[in-house]
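Order of listing sets the numbers, starting from 1, for every ligand and every atom in it.
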Amino acid sequence: MSTVRDIRCWALQDQRQSLIVAAHGTDMAEVIYWGPRLPDGTDLEMLVAAAHMDVTGGMLDAVPPLSICPEARRSFPGQPGLSLTNSAGEALLPRFTFERVEEDDQTLTLLYHDAKNGLRYRARFDLTLATGMIRATASLTSEQPVSVNWLSAPVFPAPQNSHEMIDFHGRWIGEFQTSHTPWSVGARLRDNPTGRTGHEHFPGLIVPCTGATNSQGSAYAFHYGWSGGHKMLAEELPDGRRQIQWGHATGSRRSPGTQFETAPLYAVFSDKGINGCAIAFQRYLRDEIVQPPAPARPRPVHYNCWEAVYFDHDHATLCDIASRAAALGAERFVLDDGWFGRRDDDTTSLGDWSIDRRKYPDGLMPLINHVHAEGMTFGIWFEPEMINRESDLFRAHPDWVLGDPDQVLGRQQMVLNIALPDVQDYLYDRVAAILADHPIDYVKWDHNRVLPEPDSAQAEAIYVLFDRLRADFPTVEFESCSSGGGRIDFGILSRTHRVWLSDSNDPLERLRIQHEAALFLPMVVTGSHVGPRKCHTSGRVTDIRLRAWAAAQRHMGFEMDPRELTEEEADVLRQVTRWWKGNRHWTERADILRLDSDDPAVIAELQRAEDGSRFVAFAGLSAASAQILPRPLRLTGLEPGTLYEISLLNRDDAPGLSRGSPLLKTETARLSGQYLMHQGITLPWTFPQSIWVIEGTRL
Ligand code: DGJ
């Protein structure tokens with residue numbers, strides 16, 4: 001810290017960036033600079049002076065600070081960072097005064113108090129040197145109980161050299177769609193009332209500076225690590241400044257209290273394009289958030305039986321399917337919905353977590369033994385937070401339901417009030433009993449409807465339940481599934497190990513969803529399965545090659561009924577699975593770089609080994625191109641002056657209509673990184689709905 005002329009300044013920096021926070025006197029601090037690393041010895045007070053803005057007609061006589069918690073009573077011309085009422089329902093307008101700072105090279109904690117209102121505010125920034133990720137949280141303590149309508153994580157300014165912001169929406173089987181919103185005066189508000197992260201509201205934001213692409217330019221990105229529904233506000237003030245606020249969704253903090261904390265806001269700056277932000281999120285999630293039970297164990301190839309049998313569980317059929325899956329290369333068999341209560345369809349039995357003896361007269365062990373004999377481990381599906389009216393649990397405890405008795409059902413089910421200690425204990429006991437009695441190494445934890453009302457206590461309670469189960473079953477991996485990708489965020493991923501990205505196994509949908517999700521998610525946590533020939537959610541028929549390679553881009557699995565596979569299809573699938581297993585030792589730690597394809601029909605990415613020694617690129621042709629021949633595929637993230645050996649791994653897939661002789665159809669090529677990134681790879685012509693796989697090795 002430095003203090004001169006009554007100015008306080010603090011800097012958090014690594015090789016790639018500087019974050020400079022400053023305050024006048026005892027005022028709330030503001031981020032006055034966040035961008036590329038400033039030269040050593042930079043005069044921070046000079047920065048404060050240099051950033052001082054003018055005053056003109058028709059405005060106040062000074063510019064109110066855009067602080068880390070903008071205060072309404074300081075004439076701030078935008079949304080404040082905090083909104084409170086006291087027990088009499090009166091709005092409190094805090095005015096905070098600097099109290100003290102705690103800092104070291106990687107952490108900055110600023111503490112403030114408001115003696116009149118009996119409030120204390122704390123903002124904390126943690127910088128992780130390996131990734132450049134800044135983790136920011138805010139907390140509020142009150143001497144008297146207060147109701148918090150809004151508490152923003154520390155507020156970041158957004159750059160004014162940016163034309164648009166990119167945030168995310170989506171739906172079931174259509175996750176991770178992007179919204180591009182031009183900046184203009186006023187606020188873009190994303191407020192998620194559903195009580196869960198949701199397909200519709202992934203809590204992420206990218207702010208590219210003007211001209212930024214995936215591979216070049218400056219960009220900022222944010223993610224709010226919370227599973228209970230977020231609120232984001234990206235606002236341009238009338239004076240041109242821009243602010244970004246993140247916190248829990250409106251109305252979700254339901255009880256008055258004396259202690260409040262935001263979830264962590266993850267913030268990253270990149271001067272290497274949007275991919276620089278993506279790499280930071282991917283690495284940070286993989287190395288700092290996810291806690292795998294056995295970190296050195298390679299990710300096993302999954303087989304999940306859902307789309308093969310749905311609720312129709314028959315021992316002999318499941319054993320047959322398991323044997324075929326193992327022969328294809330599966331290493332873990334996941335028994336999906338339908339094994340408990342009297343669950344013959346989705347109208348019944350959620351809550352009754354005991355084995356259905358009609359389907360499994362001798363329990364699950366005969367199936368598990370068979371799965372083990374085939375060399376696979378065994379995983380199982382649960383949806384603990386839910387209850388059907390048609391269940392023993394509901395008949396015994398109708399009062400355990402969250403929300404009104406006449407609420408609208410979702411997938412025929414209601415949500416349990418898991419913040420009630422009795423409900424927590426019941427669920428812990430039921431799940432723990434199954435895990436304790438069986439050799440299970442994986443739980444697919446589902447969550448198939450929104451909450452009937454926003455309630456942050458539910459997300460807090462599910463974290464507690466996960467923490468208990470993980471402490472007592474430390475070798476079990478958990479998957480966060482929520483009708484596919486309805487609960488994907490860094491909060492749930494600090495308790496789980498994989499996400500079921502989407503219920504769409506259509507490889508064309510997957511290519512797009514995976515492409516966008518890679519802005520935040522690394523390969524190791526992103527489940528992707530080879531679905532049936534005719535997709536159950538799109539009705540589209542696709543070739544096994546496309547299905548297999550799309551799944552091989554992420555944590556690979558199969559979900560079709562293997563009995564439908566022709567000899568040729570099984571052969572292709574075995575080969576691709578063999579490739580995946582033979583490469584996972586490096587792809588699991590690879591960076592996923594999104595390629596700026598010059599053909600909108602091509603969705604392409606490059607997975608680059610941690611040490612840069614090799615890569616694999618996938619170019620999926622989602623539809624017919626407008627032009628006759630493929631446009632060169634420009635790569636990224638390579639060393640310009642280095643030679644790479646390039647080969648087209650699946651060149652035998654070239655169709656007869658590819659009549660010419662581009663080099664890669666028959667040969668490997670030796671080309672510089674400069675050429676590959678500037679000119680790009682010349683690929684053979686191919687059919688729409690197919691994919692090229694290109695391997696590269698640094699020479
Ligand atoms: C929704 C999930 O996303 C599916 O994969 C499957 O597990 C079903 N629920 C089971 O009900």
Side-chain angles (χ1 to χ4, degrees), residues 170-176 194 196-200 202 227 302-313 318 321 325 330 332-353 356 359 378-388 390-391 409-415 431 434 440 442-450 477-489 492 496-507 509-510 513-514 517 525-532 535-538 547 551 554-561:
R171 57 168 162 78
W172 178 68
I173 64 168
E175 291 83 347
F176 282 94
T194 68
R196 70 169 179 185
T197 321
H199 307 76
E200 309 84 359
F202 175 76
S227 312
H302 278 203
Y303 178 78
N304 181 294
C305 67
W306 176 240
E307 293 201 349
V309 300
Y310 293 103
F311 299 100
D312 192 6
H313 290 204
L318 287 170
I321 286 175
R332 176 184 274 152
F333 179 93
V334 181
L335 182 68
D336 212 281
D337 195 354
W339 58 267
F340 56 93
R342 297 176 72 81
R343 180 93 167 154
D344 296 334
D345 57 33
D346 62 13
T347 61
T348 163
S349 298
L350 290 174
D352 298 345
W353 298 109
D356 184 346
K359 298 177 184 172
F378 188 82
I380 196 163
W381 181 94
F382 279 98
E383 194 180 2
E385 294 149 270
M386 302 290 162
I387 184 167
N388 285 117
E390 184 49 47
S391 66
L409 301 185
R411 206 197 188 200
Q412 334 275 352
Q413 64 201 49
M414 296 179 288
V415 182
V431 177
I434 298 287
I440 289 173
Y442 190 78
V443 169
K444 175 178 178 180
W445 187 292
D446 212 338
H447 184 284
N448 284 307
R449 60 156 291 170
V450 298
E477 279 179 34
F478 291 88
E479 175 179 79
S480 175
C481 173
S482 185
S483 303
R487 190 158 62 184
I488 297 177
D489 60 79
I492 206 75
T496 54
H497 309 97
R498 187 190 203 238
V499 295
W500 182 226
L501 186 62
S502 176
D503 272 353
S504 175
N505 288 322
D506 178 326
E509 301 285 348
R510 277 272 166 175
I513 299 170
Q514 287 174 180
V525 304
T526 312
S528 191
H529 295 174
V530 180
C535 175
H536 292 188
T537 53
S538 68
R547 280 182 279 147
R554 299 293 185 266
H555 180 194
M556 188 175 191
F558 319 141
E559 193 158 335
M560 89 304 277
D561 185 337

In the protein, which heavy atom is nearest to atom 7 (O) of ligand 1, and how far is it?
Asp336 OD1, 2.7 Å

Please report which non-hydrogen protein atom sits nearest to atom 3 (O) of ligand 1, along with the residue it belongs to and the distance in Å to one decimal place.
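Answer for atom 3 (O) of ligand 1: Asp503 OD1, 2.4 Å.
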
If you count the atoms of ligand 1 from 1 in the order shown, which ones are under 4.0 Å from a heavy atom of [X]?
X      : answer
Gly484 : 3 (O)
Cys481 : 2 (C), 3 (O)
Trp500 : 3 (O), 5 (O)

Taking 4.0 Å as the limit for heavy-atom contacts, which would you say applies to [X] with ligand 1: side chain only, backbone only, both, or neither?
X      : result
Arg411 : side chain
Ser483 : backbone
Asn448 : side chain
Glu383 : neither

Pair [X] + [Y], salt bridge at N-O below 4.0 Å:
X      : Y      : result
Asp356 : Arg342 : no
Lys359 : Asp344 : yes
Arg487 : Glu385 : yes

Best match, Arg343, Glu307, Lys444, Glu479: closest heavy atom to atom 5 (O) of ligand 1
Lys444

Taking the minimum heavy-atom distance to atom 1 (C) of ligand 1, which of Asp346, Asp337, Leu501, Asp446 ranks first?
Asp446

Judged by atom type as modelled, is there a donor-acceptor pair below 3.5 Å linking the side chain of His555 to the main-chain atoms of His302?
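Between the backbone of His302 and the side chain of His555 there is no qualifying donor-acceptor contact (under 3.5 Å).
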
Would you confirm whether the ring centroid of [Y] sits within less than 6.0 angstrom of the ring centroid of [X]?
X      : Y      : value
Trp306 : Phe311 : yes
Phe176 : Phe202 : yes
Trp381 : Tyr442 : no

Tell me, please, whether Trp500 has Arg510 positioned over its six-membered ring: NZ or CZ under 6.0 Å from the ring centre and within 45 degrees of its axis?
yes

Could you tell me if Gln413 and Glu383 have a donor-acceptor pair between their side chains, going purely by distance under 3.5 Å?
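There is such a pair (donor and acceptor under 3.5 Å, judged by atom type) between the side chains of Glu383 and Gln413.
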
Answer yes or no for His447: is there a heavy-atom contact with ligand 1 below 4.0 Å?
no

Should Trp306 be counted as touching ligand 1, given the test is an N or O pair under 3.5 Å?
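Such a contact does not occur with ligand 1.
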
Do any N/O atoms on Trp381 end up under 3.5 angstrom from N/O atoms on ligand 1?
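Trp381 vs ligand 1: N/O contact under 3.5 Å present.
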
